[in-house]
Amino acid sequence: MFSKFTSILQHAVEALAPSLPLQEDFVYHWKAITHYYIETSDDKAPVTDTNIPSHLEQMLDILTQEEGERESGETGPCMEYLLHHKILETLYTLGKADCPPGMKQQVLTFYTKLLAHIRQPLLPHINVHRPVQKLIRLCGEVLAAPTENEEIQFLCIVCSKLKQDPYLVDFFLENKSKRPDTKTPGGTEVVKENVLAPDTGQSRPEEQAEEPQAAAAASTSSPSSNHNNGNNYNLVTSLLNLTKSPDGRIVVKACEGLMLLVSLPEPAAAKCLTENTELCELLTDRLVSFYKALPQSMDPLDIETVESVNWGLDVYNLKEDAAVFTGKRALISFLSWLDYCDQLIKEAQKSAAAVMAKAVREKFFVSVMEPQLMQTSEVGILTSTALLNRIIKQVTSEALLQEMIYFLLGEEREPETQATMAQNPLRHRLIEHCDHLSDEISIMTLRLFEHLIQKPSQHILHSLLLRSLEERNYLENKPQEEREPLENGQPHDAVDLEEDPLFGDDLSPDSRLSGSDWLSSSPPQSPDHSKCDGKTEVHKIVNSFLCLVPDEAKSSYHVEGTGYDTYLRDAHRQFRDYCGVCQRWEWRGNPKPLEKCNLDSPFFEGHFLKVLFDRMGRILDQPYDVNLQVTAVLSKLSMFPHPHLHEYLLDPYINLAPGCRSLFSVIVRVRLPSGL
């Protein structure tokens, strides 16, 4: 009661007293704090019962006012006093001892507001970044501590300052071998000893041992010579500790701080981040934990349609989630953390992103997901494939996408053969699942590949298709005189097609395309081009495929807006989108010249196309939903503007080598039952 009366009396005196110059006022408030430790005998009273919070607030107001009255970047006498007399060092000591109780909270708040409100750069000063580093080590030591909120606010303001001036991060990479890791005993005696030390601005004896090291670090604005092989990154460590807090708001703020730190461009910090902290373990362990919390069996439709959740923004109601479907809360938690991992890797410095992505691949994809995908239980296969499909759709970071693709398809670049088809067991199993006895598994796996081939990665198409088509050895490699004799100037196969009652007159020699003219669906740039607009060839190609279905079996013409012209307009829009994705892949505009191709090597269409062609050959014996998914995958593949892909999949008139098949040759052998 007496202390509260004293505080009120002091405020009244200050209000009535004439205003002092800022520096005198600043020194007065600081002396008032130090005198508390000289005069007090009760170190058990909470700090809120003292005048210390008020004095600290007044000191902050004076520093802010002083900066506002001066030219930008000019240091005033109050700030000089704070730096010269190592006030932050003293406050750190008081906060560490938490004397009086609650002082740590007040010190954290003072540091946070000082860094946030003062515009001039403070962290380069040794008498700022050194106590800041020490205070960082006190954060996250105890979970659910009463100072957690102040700790995370302090850490986040430090992170934001480093984001503004990334070179300062080197001050926070602390050498393990040079930092004395001794614990100073707390309590009133030690606090009084530090506070009562003369205000000379010189280092105290216990600090002189580390002064040369700190001075050397501060002598340059960017101590880039600091090697991080034995460094502590205490800022990351403290944030990682706070991600384990039971308070979700603290966890989100800690994750935001880590997001800022991983994006710093300094190579030494990136290396220290991945080698000397547990960041990778946090990402992977929590991802594995959330995944293992999912039910063993889930409806694929629930997995596919659950709302998209951005990390840190998922507000949930357990009863409502359980009422929708079992496992919804666990699924949202998993997808939310996956989104955080993806965004963190996307924002991270390039080398750090690569290390984190590889950790996710090894600890999550290989160790956890692969056994799930390789199991024999149909229910388990369906659930794990649906989850993988959702993961593929959600991943956007380049580094994580690359590692996920290597996990699914392998890193092989050489042409695929029947002997090497099963070289990668997971890739082989997934492709085989496209032709599974269970239609549900087949559809889900085909949908997975449909989403996979739309991701912006050249390796996907190379692994699944292009490496098998690179040498164009699907073309017949015989001199003209050794080929089968022409009938009426047409190849033998063309005669067979012409005589087929399902075909009209479109398969004529005039409709055959030369080179890659048929690849373009837009008018040529040159007005004197030999073809007027290039659309005739495309029209004939389309008609060639349309002729595979008799008119009586076509239904699209009976419903307005469903003819193939509508499909072509939509396809043209999609084609432009795909061209945009492939623009940086530097694909050649024309097929590889035949004289440079190894046409004598045996052709194998590749495991993926083999399964798709086999499925197309059984199109009359399969459920409608399966056929829709097969054709959806093939239509997506046909969109990619690679000359070999278009030649092999879309040109009905190429001379296939013996034993080879193309999409057209597969479809042409499908016979509709009579009477349709």
* Assess whether side chain to side chain donor-acceptor pair (under 3.5 Å) is satisfied between H433 and R429, documenting all intermediate values. => CA-CA 6 Å; H433 284 174; R429 181 69 62 87; 4.7 Å; no

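- A 4.5 Å side-chain heavy-atom check between W337 and W311 finds every atom pair outside the cut-off.
- The distance from atom CZ of F640 to atom CG of L649, rounded to the nearest 0.5 Å, is 11.5 Å.
- Closest approach of P295 and T383 over heavy atoms only: O-CG2, 4.5 Å.
- H459 pairs in a side-chain hydrogen bond (donor to acceptor under 3.5 Å, both in side chains) with only one of the listed residues (Q402, R413, E411), which is R413.
- With respect to the salt-bridge test (charged N to carboxylate O, under 4.0 angstrom), the residues E370 and R361 do not qualify.
- For the residue pair E471 / N598, no side-chain donor-acceptor distance below 3.5 Å is found, with atom types taken as modelled.
- Taken to the nearest 0.5 Å, the CG atom of L448 stands 7.0 Å off from the CG atom of L408.
- Checking side-chain atoms of T385 against main-chain N and O of M444 turns up no donor-acceptor pair under 3.5 Å.
- Separation of atoms CG (L382) and CD1 (I441) is listed at 6.0 Å; rounding is to 0.5 Å.
- Between the side chain of D435 and the main chain of V611, no donor-acceptor pair closer than 3.5 Å is present.
- Enclosure of atom CD in Q394 by more than 12 non-hydrogen atoms of other residues, nucleotides or ligands within 6.0 angstrom is indicated.
- Using modelled atom types and a 3.5 Å distance limit, the side chains of T420 and T417 yield a donor-acceptor pair.
- A distance-only check finds a donor-acceptor pair linking the side chain of Y340 to the backbone of C255 [under 3.5 Å].
- When ring centroids are compared, F364 and F407 stay outside the 6.0 Å threshold.
- Distance alone, capped at 3.5 Å, places no donor-acceptor pair between the R390 side chain and the A386 backbone.
- Heavy atoms only, all atoms of each residue included: N627 and Q622 are closest at OD1-NE2, 2.6 Å.
- Here the closest non-hydrogen pair linking M369 and S384 is CE-O, 3.8 Å.
- Taking the charged nitrogens against the carboxylate oxygens, K328 and E307 do have a contact shorter than 4.0 Å, which makes a salt bridge.
- Residue L430 comes nearest to F449 through the heavy atom pair O-CE1, 3.8 Å, listed as atom of the first residue, atom of the second, then distance.
- Looking only at atom types and distance, the side chain of E432 has a donor-acceptor partner in the side chain of H607 under 3.5 Å away.
- Closest non-hydrogen pair, V630 versus M616, comes out as CG1-SD, 3.7 Å.
- In the displayed structure, K592 atom NZ is contacted under 6.0 Å by more than 12 heavy atoms of other residues, nucleotides or ligands.
- Separation of atoms OG (S438) and CD1 (I381) is listed at 8.5 Å; rounding is to 0.5 Å.
- Atom NE2 of H644 is separated from atom CD of E470 by 8.0 Å, given to the nearest 0.5 angstrom.
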* Run the numbers on E416 and R427 for salt bridge (charged side-chain N to carboxylate O under 4.0 Å, His left out), then give the verdict. => CA-CA 12 Å; E416 191 177 7; R427 178 184 187 275; 3.0 Å; yes

* Go through the steps to decide whether K363 and L287 satisfy the test side chain to side chain contact (heavy atoms under 4.5 Å, CB included), and finish with yes or no. => CA-CA 9 Å; K363 300 292 180 62; L287 198 61; over 6 Å; no

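- Atoms CG and CZ, from L594 and R472 in turn, are 4.0 Å apart once rounded to the nearest 0.5 Å.
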* Yes or no on ring pair (Phe, Tyr, Trp, His ring centres under 6.0 Å) for Y648 and F603, after CA distance, side-chain angles and deciding distance? -> CA-CA 12 Å; Y648 181 65; F603 174 70; 5.6 Å; yes

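- E412 places no side-chain N or O within 3.5 Å of a backbone atom of E414 that could act as its donor or acceptor partner.
- In this structure, a donor-acceptor pair under 3.5 Å is present between the side chains of Q349 and S351.
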* L446/L612 under side chain to side chain contact (heavy atoms under 4.5 Å, CB included): CA gap, chis, key distance, verdict -> CA-CA 9 Å; L446 286 165; L612 292 179; 3.8 Å; yes

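- More than 12 heavy atoms of other residues, nucleotides or ligands sit less than 6.0 Å from atom CD of Q343.
- Looking at every heavy atom in both residues, N473 comes nearest to C660 through O-SG, 4.4 Å.
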* To do: Mind running side chain to side chain donor-acceptor pair (under 3.5 Å) on S635 and S638 for me, showing each step along the way?
  => CA-CA 5 Å; S635 66; S638 302; over 6 Å; no

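- Looking at S289, its side chain never comes within 3.5 Å of a backbone N or O of D285 through a donor-acceptor pair.
- Of the possible polar contacts, one joining the K455 side chain to the I392 backbone as a donor-acceptor pair under 3.5 Å is found.
- A 6.0 Å sphere centred on NZ of K393 holds more than 12 heavy atoms belonging to other residues, nucleotides or ligands.
- Checked by atom type and distance alone, the side chain of N655 never pairs as donor or acceptor with a backbone atom of E476 at under 3.5 Å.
- No side-chain donor-acceptor contact under 3.5 Å links Y291 to the backbone of L331.
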* To do: Decide salt bridge (charged side-chain N to carboxylate O under 4.0 Å, His left out) for K346 and D342; before the verdict, give the C-alpha distance in whole Å, the side-chain angles of both, and the deciding distance to 0.1 Å.
  => CA-CA 6 Å; K346 179 187 285 188; D342 185 45; 5.2 Å; no

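- Checking H451 against R447 by side-chain atom types alone, no donor-acceptor pair falls below 3.5 Å.
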* To do: With side chain to side chain donor-acceptor pair (under 3.5 Å) as the test, would you mind laying out the steps for T631 and Q629 before giving the verdict?
  => CA-CA 5 Å; T631 53; Q629 198 57 54; over 6 Å; no

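- A donor-acceptor contact shorter than 3.5 Å is absent between the side chain of S544 and the backbone of P652.
- In summary, R615 and D621 do not engage in a salt bridge, as defined by a charged side-chain N under 4.0 Å from a carboxylate O.
- By the 4.0 Å N-to-carboxylate-O rule, K610 lies close enough to D614 to be salt-bridged with it.
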* Passes side chain to side chain donor-acceptor pair (under 3.5 Å), D570 versus Q574? Steps please. -> CA-CA 6 Å; D570 185 54; Q574 292 184 46; 2.7 Å; yes

